[in-house]
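See structure below.
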Amino acid sequence: MIFIYTTCADSKEAKLLGKSIIDQKMGACVDYWPVDSMYVENGGIKEIPQTMMMITTFEPKLEDVNDFISKHHSYSVPLVAGVDVRRINRAYKEWLTEKIA
């Protein structure tokens, strides 16, 4: 199992992307929450509110999710980071397999 993290401009974008990811069986669960972000831009530091999104899926779906987010995201360079999860409970793994198989 992996978590795929990305940030979105707002919760509306996260919901739209998340619903499509679930509908297309690229992920079984999408969580999102507000975050405050800070980054370097034009020689200065910019602070903005964003929505963090975490997609629960399996490693073979990572490139499909990456391609989908890259194509449909409002940012020209969105973060798409896959984080390997080494252990999960059996019941959840069975549920996850059922939802995205």
Side-chain angles (χ1 to χ4, degrees):
M1 185 182 96
I2 62 169
F3 291 139
I4 300 173
Y5 283 91
T6 191
T7 52
C8 298
D10 54 36
S11 64
K12 181 179 177 181
E13 180 177 40
K15 288 178 186 180
L16 288 171
L17 290 173
K19 183 173 182 336
S20 293
I21 287 166
I22 289 172
D23 286 346
Q24 295 178 40
K25 296 190 175 207
M26 291 183 282
C29 179
V30 175
D31 301 314
Y32 53 92
W33 59 94
V35 296
D36 292 318
S37 298
M38 182 184 310
Y39 58 93
V40 176
E41 183 176 70
N42 298 325
I45 295 176
K46 186 170 184 175
E47 294 183 56
I48 62 167
Q50 296 186 95
T51 299
M52 179 67 76
M53 185 165 69
M54 180 178 74
I55 303 143
T56 305
T57 191
F58 287 117
E59 176 74 29
K61 301 287 186 175
L62 176 59
E63 281 309 310
D64 292 337
V65 173
N66 181 39
D67 292 345
F68 178 82
I69 290 172
S70 296
K71 183 176 181 182
H72 295 93
H73 204 285
S74 64
Y75 296 169
S76 59
V77 184
L79 163 71
V80 181
V83 179
D84 184 39
V85 177
R86 295 181 53 160
R87 295 191 62 166
I88 60 172
N89 59 312
R90 184 177 313 165
Y92 190 87
K93 184 176 181 180
E94 290 169 358
W95 175 84
L96 181 62
T97 301
E98 175 187 311
K99 299 302 176 191
I100 61 175

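Quantities reported herein were computed from a predicted structural model and do not represent experimental measurements. Just so you know, these numbers use all the heavy atoms, side chains as well, and skip hydrogens, waters and symmetry mates.
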(request) Please list, chain by chain and in numerical order, all residues satisfying side chain to side chain donor-acceptor pair (under 3.5 Å) with Gln50, sequence neighbours excluded. (result) Thr7, Ser37, Tyr75
(message) I'd like to check the side chain to side chain donor-acceptor pair (under 3.5 Å) partners of Thr56; sequence neighbours left out, ordered by chain and number.
(response) none
Of all the heavy-atom pairs spanning [X] and [Y], show the shortest one and how long it is.
{"X": "Ser70", "Y": "Pro78", "answer": "CA-CG, 4.4 Å"}
{"X": "Pro60", "Y": "Asp64", "answer": "O-OD2, 4.4 Å"}
{"X": "Lys61", "Y": "Lys25", "answer": "NZ-O, 3.3 Å"}
{"X": "Glu13", "Y": "His72", "answer": "OE2-O, 4.4 Å"}

Quick one: [atom1] on [X] to [atom2] on [Y], what's the gap to the nearest 0.5 Å?
{"X": "Cys8", "Y": "Tyr32", "atom1": "SG", "atom2": "OH", "result": "10.5 Å"}
{"X": "Asp31", "Y": "Thr51", "atom1": "CG", "atom2": "OG1", "result": "13.0 Å"}
{"X": "Thr57", "Y": "Lys99", "atom1": "OG1", "atom2": "NZ", "result": "14.0 Å"}
{"X": "Asn66", "Y": "His73", "atom1": "CG", "atom2": "NE2", "result": "11.5 Å"}
{"X": "Leu17", "Y": "Ile22", "atom1": "CG", "atom2": "CD1", "result": "11.5 Å"}
{"X": "Met53", "Y": "Thr6", "atom1": "CE", "atom2": "OG1", "result": "5.5 Å"}

(request) Please tell me if the side chains of Asp36 and Met38 come closer than 4.5 Å, counting only heavy atoms from C-beta onward. (result) no
(request) Indicate if Ile69 and Leu79 have the same hydrophobic cluster label, given that clusters are the connected sets of ILVMFWY residues with side-chain heavy-atom separations under 4.5 angstrom. (result) no
(request) Any chance you could pull the hydrophobic cluster mates of Met1, using side-chain heavy atoms under 4.5 angstrom and chaining through other members? (result) Phe3, Tyr5, Trp33, Val35, Met52, Met54, Phe58, Val83, Val85, Ile88, Tyr92, Trp95, Leu96, Ile100
